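Computation of the quantities below employed the complete heavy-atom set of this structure, encompassing side-chain atoms and omitting hydrogens, waters and symmetry-equivalent molecules. Residue numbering restarts at 1 for every chain, and letters A, B, ... go by the order of the sequence lines. Computed from a prediction, not measured in an experiment: that's the story for all the values here.
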Protein chains: 2
Amino acid sequence: MNFRDLEYFVQLVKDRNYTKTAQAFNISQPTITYAIKRLENELKVQLFIRDQSHHQLDLTLAGQEFNDHAQNILQELTTAKADLLALSQQKIRFGLPPIIGTYYFPQLAKVLIKENIMSHLQTIEGGSATLQEKLSTGELDVALLGAISPLKLKNIKTLPLVRTDFKVIVSPDHPLKNKQSINFAALKNESFIALKEGFVHPAAFRQLTTANHFQPQIVYTTPDINVLKGMVHENVGISLLSELALNNEQEVHAIDLADQDQPHFEIVLAYRPQVNPLIDKLINALSQPVDQFPFPGK
Amino acid sequence: MNFRDLEYFVQLVKDRNYTKTAQAFNISQPTITYAIKRLENELKVQLFIRDQSHHQLDLTLAGQEFNDHAQNILQELTTAKADLLALSQQKIRFGLPPIIGTYYFPQLAKVLIKENIMSHLQTIEGGSATLQEKLSTGELDVALLGAISPLKLKNIKTLPLVRTDFKVIVSPDHPLKNKQSINFAALKNESFIALKEGFVHPAAFRQLTTANHFQPQIVYTTPDINVLKGMVHENVGISLLSELALNNEQEVHAIDLADQDQPHFEIVLAYRPQVNPLIDKLINALSQPVDQFPFPGK
DNA sequence: TGTTATGATAAAATATATTTATATGATAAA
DNA sequence: TTTATCATATAAATATATTTTATCATAACA
């Protein structure tokens, strides 16, 4: 059996049209016919139903079943090639969500430079969800991911690194400015500035509003944390922000959440197990506890 | 790329000898040479280190990495073929550990016969660990497994069906015969009959003795539950047995475990997701709650 | 120093995949 | 109903890939 035949098959499942599939590969139509026949002979099952009302090509059950396996096989081969390329180029394809890249990763950089790993990193930015997907498909070797609940991913190992709290941030002019701690329920009537971040902040915010049965009044949404802080400072509204993104500047006042069941921003190291000493070294370096957190001097 | 080349490669990794590998496939030695060259050309990496003056063939890092992927690919293909065969024969390869087969499965049989599934089952007996392995390699479609902790298996879905307690069983002549409930720690000085079952009973027993810091005195070990009951009846010793294996016979007296952190015998339905209506039907039927448990009339 | 083990290479033989040209069969259009 | 069109199948020719046979190269071994 040939990988090419699997590619033809998978494409044909998408196209449902031999001629179109042949065109997609720039080959002649009978090539597809013969490829499918080869598969059907080798597997001893019929893969397609050649069409009662002849404008429709249908997959048999066996065809559906085999399509799943064929996709897994092609995925594995793609991943294998990508991994070998990264290995030979001594590059680690490293996924980093913007927030973690800005507020957490810099602390790790020192160690990585000292261990001579930094120059081997090929950093790819993206939201945690996107990066998870890329890990699974072999487009990434290692990633730092933000999460509010433990991650379980097929073929991916995860290692929680840090767990940080979410804080409520308010303007120094806000009535709550002297509060040390507050229940989220008490914020029912506040105006909120929302952070349009990949996944974690919106999910945490949603979790808190749902758990406390209220529909928050969101007056503004921004993807930029500094804009968000600025608006909170100007008392346009209050917001929810990971303590990760707070340093000891005085621009906004941070209040602890007193809720029992509150979400946490967890930074998780996720990677596909590979035979690659460089990756082992990176994972080892990253899983060492960081001295100071969240920030030196905080 | 060709699956055959992958097979040659994987075998060569095992053999570390081109001639031997060729013999294993009943082909000529240059065939292996050319197959490896094809792979190395296509992947653009060196897979083997040819013999640095010692008659030894070594895998490069890339070779090790690719070997993992090649094995996954071949595994997936094997599974695909097995699944298609089972599908076309309308057979569900169904794993059943002896204890569950004897003491739990009969209750399900009625439903399965009514739903016309029973005749499609090809039952394969084995310990829970063996059956797990066979699920992963595509030798089984569905299995009932015994477990004392939640199972997490790659590519396998699990669904807990029943959770039963372990009981301490003693002879009607035993001093403890009138006890309703007991802490396992109180059994420190008892003689035990041990059940040599696949996995769950020994693990549960070990968990209890370890948690209570004693080394049990095991006077006899048997794989046969009736023998075990007989010996307990004759007061040779006491034993630990899942309530699953107890019916309302008066041969032995069952005592509840009072321990806070006690193991439980969980029956878990485990299966590889497939495109197979028959399997869906079985899973659906098995996941319906069973009316009476553990036994009618208990 | 010859002998053996192990793998590489060239050329030929064989097997497999693809194309070109054409056929079939079913629907839609005239 | 005829004809045109679409979608796939088939046969034969061709192109490509794999395997074998025969032979060579190299290093270990005795």
Side-chain angles (χ1 to χ4, degrees), chain A residues 1-60 62-64 66-67 70 73-74 77 81, chain B residues 1-60 62-64 66-67 70 73-74 77 81:
Chain A
M1 194 183 287
N2 202 305
F3 286 91
R4 218 171 336 172
D5 286 354
L6 295 190
E7 282 164 11
Y8 295 162
F9 170 76
V10 168
Q11 182 69 37
L12 180 59
V13 171
K14 285 183 201 144
D15 291 340
R16 305 290 168 127
N17 180 313
Y18 283 62
T19 311
K20 198 168 162 219
T21 298
Q23 283 162 357
F25 288 99
N26 262 305
I27 54 172
S28 68
Q29 166 265 312
T31 301
I32 305 297
T33 301
Y34 286 124
I36 301 304
K37 284 205 165 173
R38 279 194 292 272
L39 289 176
E40 290 185 325
N41 285 336
E42 174 150 5
L43 300 170
K44 296 185 198 74
V45 294
Q46 194 180 335
L47 295 172
F48 290 95
I49 294 166
R50 274 78 173 183
D51 171 37
Q52 302 105 349
S53 59
H54 216 305
H55 258 329
Q56 183 107 338
L57 184 65
D58 285 323
L59 267 184
T60 62
Q64 289 172 47
F66 187 64
N67 187 38
I73 288 171
L74 294 177
L77 182 62
K81 287 180 176 176
Chain B
M1 194 181 290
N2 202 305
F3 285 92
R4 221 171 333 170
D5 286 354
L6 294 190
E7 281 165 12
Y8 295 163
F9 170 76
V10 168
Q11 183 69 37
L12 180 59
V13 171
K14 285 183 201 141
D15 291 340
R16 306 288 167 127
N17 180 314
Y18 283 64
T19 312
K20 200 169 161 217
T21 298
Q23 284 162 357
F25 287 101
N26 262 306
I27 55 173
S28 68
Q29 167 263 312
T31 300
I32 305 297
T33 300
Y34 287 122
I36 301 304
K37 286 202 165 176
R38 280 194 291 272
L39 290 177
E40 291 184 325
N41 285 335
E42 175 151 5
L43 301 170
K44 297 188 198 71
V45 293
Q46 194 180 335
L47 296 171
F48 290 97
I49 295 166
R50 270 80 175 184
D51 173 33
Q52 323 235 35
S53 75
H54 297 80
H55 254 177
Q56 177 111 343
L57 186 65
D58 286 321
L59 265 184
T60 61
Q64 290 173 46
F66 187 63
N67 187 39
I73 288 170
L74 294 176
L77 183 62
K81 287 180 176 174

message: Rounding to an integer number of Å, can you tell me how far B:L47 CG sits from C:dA8 P?
response: 12 Å

query: What's the spacing between A:L77 CG and A:I73 CD1 if we round to 0.5 Å?
result: 9.5 Å

- request: Of all the heavy-atom pairs spanning A:I49 and A:L57, show the shortest one and how long it is.
  value: O-CD1, 3.9 Å

- prompt: Step by step, would you call B:Q11 with B:I32 a side chain to side chain contact (heavy atoms under 4.5 Å, CB included)?
  reply: CA-CA 10 Å; B:Q11 183 69 37; B:I32 305 297; over 6 Å; no

Heavy-atom closest pair, residues A:G63 and A:F9: O-CZ, 3.6 Å

query: Under 3.5 Å, is there an N or O donor on one side and an acceptor on the other linking the side chain of B:Q29 and the base of C:dA8?
result: yes

field: Between C1' of C:dT20 and CG of A:N26, the distance in whole Å
entry: 16 Å

Between P of D:dA9 and CZ of A:F48, the distance in whole Å: 10 Å

field: Interatomic distance where CZ belongs to B:F25 and C1' belongs to D:dT20 [whole Å]
entry: 17 Å

message: Test of understanding: with ring-ring contact (aromatic ring centres under 6.0 Å, His included), list the residues that count as partners of A:F3, not counting sequence neighbours.
response: B:F3

- prompt: Of the nucleotides D:dA9, D:dT20, C:dT19, which has the atom closest to the A:S28 side chain?
  reply: C:dT19

task: For B:N17 and C:dT6, give me the distance from atom CG to atom P, rounded to whole Å.
output: 5 Å

task: Could you check how far CZ of A:R50 sits from P of C:dT24, rounded to whole Å?
output: 19 Å

query: If you round to the nearest 0.5 Å, how far is CZ of B:F25 from OG1 of B:T21?
result: 7.0 Å

B:Q46 versus B:T60, closest heavy-atom pair with distance: O-OG1, 2.7 Å

Atom pair distance, as rounded to whole Å: CD1 in B:I32 and C1' in D:dT19: 11 Å

Detail all sub-3.5 Å separations between protein N/O atoms and N/O atoms belonging to nucleotides 12-18 of chain D.
residue : atom : partner : partner atom : Å
D:dT18  : OP2  : B:R38   : NE           : 3.4

query: How many angstroms lie between atom CG of B:L12 and atom CZ of B:F48, to the nearest 0.5 angstrom?
result: 3.5 Å

- prompt: What does B:T19 touch in the nucleic acid at a heavy-atom separation under 4.0 angstrom: a base, only the sugar-phosphate, or nothing?
  reply: sugar-phosphate

task: Nearest 0.5 Å please: distance from the CZ atom of A:R4 over to the OG1 atom of A:T31.
output: 9.5 Å

query: Starting at the 5' end of DNA chain C, what dot-bracket string do you get if Watson-Crick and G-U pairs under 3.5 Å are bracketed, crossing pairs use [ ], other-strand pairs use | and unpaired bases use dots?
result: ||||||||||||||||||||||||||||||

query: Whole-Å distance between D:dT8 P and A:Q23 CD?
result: 11 Å

